[in-house]
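In what follows, a single structure is set out as C-alpha cells and then discussed.
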Amino acid sequence: MVWRVGDQVVRVRRIDQSQSGDWWAQVEFTFWPDGHTAFRLEEWFPQICAVSDESRTPEECGSEARDYWDQAGLHVRELKNRWELRDGKRVPAGEGLEFPFSRYGVEDRYLRSQDMPLLLPAPARK
C-alpha cells in the first residue's frame with residue numbers, strides 16, 4: 001500500500017505471509033516531506049508461540065521494532081518489543097517464549113522513499 005499527498009509518497013506498508021500461513025509480517029515506513037525516512041515499524045506475528053513451558057501457552061505472540069529518524073536523517077531512537085496476548089491484553093513476552101526477532105533474516109531499511117523497490121510514480125494529473 002502506498003499513501004500519497006499530491007505527488008509525494010508519505011507512507012508505504014508491505015505485508016508478507018509465509019506460504020504455509022504460519023506467520024505474517026508487515027513493514028511500514030513514514031517519510032519526511034523531503035522523502036527521507038522518519039519512522040519505520042516492523043511487526044511479526046507467528047501463528048504458533050513456542051514456549052518452553054506448555055502450561056502457559058499465550059493466546060497470541062509477536063514482535064515489533066520501531067525506528068525513528070530526525071529531519072536531518074539521524075537515527076534517533078530504536079525500540080524493540082516481544083509480546084504475548086494474555087486475557088485479551090498485550091503484555092511483555094515472558095521467559096521461555098522463543099522466535100527470531102526479524103521474521104526471516106531480511107530487514108528492510110530504506111533511508112529514502114526513492115530507494116524503495118516497486119514504488120510506482122504518482123498517476124498523471126489531468
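- Counting all heavy atoms, side chain and backbone alike, Q8 lies closest to W32 at NE2-O, 3.4 Å.
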F39/R66 under side chain to side chain contact (heavy atoms under 4.5 Å, CB included): CA gap, chis, key distance, verdict: CA-CA 7 Å; F39 176 70; R66 297 170 183 263; 3.7 Å; yes
Assess the residue pair R90 and E64 against the criterion (salt bridge (Lys or Arg N to Asp or Glu O under 4.0 Å)); give the C-alpha distance rounded to whole Å, side-chain angles, the decisive distance to 0.1 Å, and a yes or no. CA-CA 12 Å; R90 275 192 188 187; E64 62 185 28; 3.5 Å; yes
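- Annotation for P46 and C61: closest pair CD-O, 3.3 Å, computed over non-hydrogen atoms.
- Of all heavy-atom pairs spanning V12 and F31, the tightest one is CG2-CE1, 3.8 Å.
- To the nearest 0.5 Å, atoms CD (Q26) and CD (Q17) are separated by 12.5 Å.
- With rounding to the nearest 0.5 angstrom, the CH2 atom of W44 is 13.0 Å from the CG atom of D16.
- In terms of heavy-atom proximity, F45 sits nearest to W83 at CE2-CZ2, 3.3 Å.
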Please determine whether salt bridge (Lys or Arg N to Asp or Glu O under 4.0 Å) holds for the pair R11 and E28, giving the CA-CA distance in whole Å, both sets of side-chain angles, and the decisive distance to 0.1 Å. CA-CA 7 Å; R11 181 173 289 157; E28 183 174 300; 3.4 Å; yes
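- Minimum interatomic distance between W69 and T37 (heavy atoms only, all atoms of both residues): CB-O, 3.2 Å.
- Rounded to the nearest 0.5 Å, atoms CZ (R13) and OG1 (T30) are 9.0 Å apart.
- When hydrophobic clusters are built by joining Ile, Leu, Val, Met, Phe, Trp and Tyr residues whose side-chain heavy atoms come closer than 4.5 Å, directly or via intermediates, L79 is not grouped with V91.
- If you take CG on D67 and CZ on F29, they are separated by 9.0 Å, rounding to the nearest 0.5 Å.
- At least one side-chain heavy atom of V27 sits less than 4.5 Å from a side-chain heavy atom of R40.
- E84 and A93 make their closest contact through OE1-CA, 3.8 Å (heavy atoms, listed as atom of the first residue, atom of the second, distance).
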